[in-house]
There are 2 protein chains.
Amino acid sequence: MTLPGSLGALIDALRVLPGVGPKSAARMAYHLLQRDRNGAARLARGLTDALDKLRQCERCNNFSESPVCEICASPRRDPRLLCVVEMPADLNRLEETHAYKGLYFVLMGRLSPLDQVGPREIGLERLIERARDGVTEEVILATNFTSEGEATAHYAGELLKARGLRVSRIARGLPAGGELEHVDGMTIAQALLDRRPA
Amino acid sequence: MTLPGSLGALIDALRVLPGVGPKSAARMAYHLLQRDRNGAARLARGLTDALDKLRQCERCNNFSESPVCEICASPRRDPRLLCVVEMPADLNRLEETHAYKGLYFVLMGRLSPLDQVGPREIGLERLIERARDGVTEEVILATNFTSEGEATAHYAGELLKARGLRVSRIARGLPAGGELEHVDGMTIAQALLDRRPA
């Protein structure tokens, strides 16, 4: 089969997207060319623009268009609290709750030895340096409760404590509105273990 | 949550891809920005290039970088046969078999009344005009054996026959190496119906 060069190149290029194999790349290319040329142009501009403008915030490591992001630069945030999350999406979820007014550090990953992601790859040194700014009083580890997130929290926690920092971990337990009857056993066991004085 | 403008725009733009919702668009954006900036640049170039260079072949409607595509322009193809397919991917599959040496017409779709895709949207008029070039002797309908593909073949077939053209449909039957024991009943019934003199 002979594809025009630019079509073959586009199909190849679409495979840089996570989870996109040769068949869906071809489907995407045909869809864009046949039904959404404006969308394709917008996507090309969006990519170029984002590559141009986005860098990582010097303080929290999240994506930002300025050297220091809006949250880190805000005088209304409590600089004594530093919350560590795996990904920008996690930070966004926390922000949506309006329940946290401290600062963040985004690891942009998690320890994952099988994928060759070690402490260096997720920038734990930068986290420690950041936490030792003399203002941070508590580091809240808010990585996921997956085995990788747990390992990351454990490892980071040890490093931070060794430098004399106060470290905490977000709580596990029943979800809001959760009923014992419908919650998995692991969560119930953890809620018992983490019980607190009433 | 406050996303930097160019990041929000990129996430939005990724949703032009078929099957990509807000969550996977965000995941794709973070993946590209964090782990594959070269890939993102390549994708932007691929899109721009394809939009620039690709048009639809004047004769067969397939994507091409020249006004008439390689297949339509080839003197080694038999111009008496015109094979109608739904999508470029179908043409590619037929070409891979090396079993067909005629020309093609690519509908770029199929009749699908529920999605408001009627005869006009899939360019059946262009097909008829193309088939009436005075050289075409037989139009082979190779749309899929789905209900939409069948409807398309039926409708196109009627229009073509009304213009005095010879029309055929690719065969349904047992696949190569197919065993009666393992083939679905519908296919067996069709193979009986379409039996031919041995």
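Protein chains get the first letters and strands the later ones, always in sequence-line order, with residue 1 at the start of each.
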query = For atom CD of E158(A), is the number of surrounding heavy atoms from other residues, nucleotides or ligands below 6.0 Å larger than 12?
reply = yes
Side-chain heavy-atom pair L3(A), N92(B) within 4.5 angstrom cut-off = yes
ask   = Are L17(A) and H31(B) close enough that some pair of their side-chain heavy atoms sits under 4.5 Å apart?
value = no
note = Closest non-hydrogen contact found for V20(A) with M28(B) is CG2-CE, 4.0 Å
key: Which portion of L32(B) sits near chain A, non-hydrogen atoms under 4.5 angstrom   = side chain
query = Closest approach of A44(A) and L47(B), non-hydrogen atoms and distance?
reply = N-CD1, 3.7 Å
message = For a quick test of reading the model, state the closest non-hydrogen atom pair linking K53(B) to S6(A) and the distance between them.
response = CB-OG, 3.7 Å
ask   = If every non-hydrogen atom of M108(B) is compared with every non-hydrogen atom of R35(A), which pair is closest and at what distance?
value = O-NH2, 3.4 Å
inquiry  = Please classify the contact between A9(A) and chain B as side chain, backbone, both or neither, with a heavy-atom cut-off of under 4.5 Å.
reply    = neither
Interface moiety of D12(B) toward chain A, non-hydrogen atoms closer than 4.5 Å = both
ask   = For R15(B), is it the side chain, the backbone, both or neither that has a heavy atom under 4.5 Å from a heavy atom of chain A?
value = neither
query = Heavy-atom count around R132(B) CZ within 6.0 Å, excluding the residue itself: above 12?
reply = no
key: Atom of L51(B), atom of R37(A) and distance for their closest heavy-atom approach   = O-NH2, 2.9 Å
key: Partner chain A: residue of G5(B), P18(B), G39(B), S24(B) with the largest heavy-atom pair count (under 4.5 Å)   = P18(B)
Heavy-atom contact with chain B under 4.5 Å, split by part of N38(A) = neither
task = Hey, could you give me the CG/CG distance between L10(B) and D49(A), rounded to the nearest 0.5 Å?
result = 9.0 Å
task = Quick one: which of L33(B), I11(B), L91(B) has the most heavy-atom pairs under 4.5 Å with chain A, could you say?
result = L33(B)
message = What part of E70(B) gets within 4.5 angstrom of chain A, counting heavy atoms only: side chain, backbone, both, or neither?
response = side chain
message = With a 4.5 angstrom heavy-atom cut-off, is it the side chain or the backbone of A50(A) that approaches chain B, or both, or neither?
response = both
message = Would you say CZ of R172(B) has more than 12 non-hydrogen atoms from neighbouring residues, nucleotides or ligands within 6.0 angstrom?
response = yes
key: L107(B)-F145(B) co-clustered via ILVMFWY side chain contacts under 4.5 Å   = yes
request  = Specify the closest pair of heavy atoms between P4(A) and E65(B), including all atoms of both residues, with the distance to one decimal.
outcome  = CB-CG, 3.7 Å
query = Does NZ in K23(A) sit with more than 12 non-hydrogen atoms of other residues, nucleotides or ligands closer than 6.0 Å?
reply = no
key: Heavy-atom side-chain contact between Q34(A) and Q56(B) under 4.5 Å   = yes
query = Which residue out of G46(A), A26(A), P88(A) racks up the most heavy-atom pairs below 4.5 Å with chain B?
reply = P88(A)
task = Let me know if A41(B) has heavy atoms under 4.5 Å from chain A in its side chain, its backbone, both or neither.
result = both
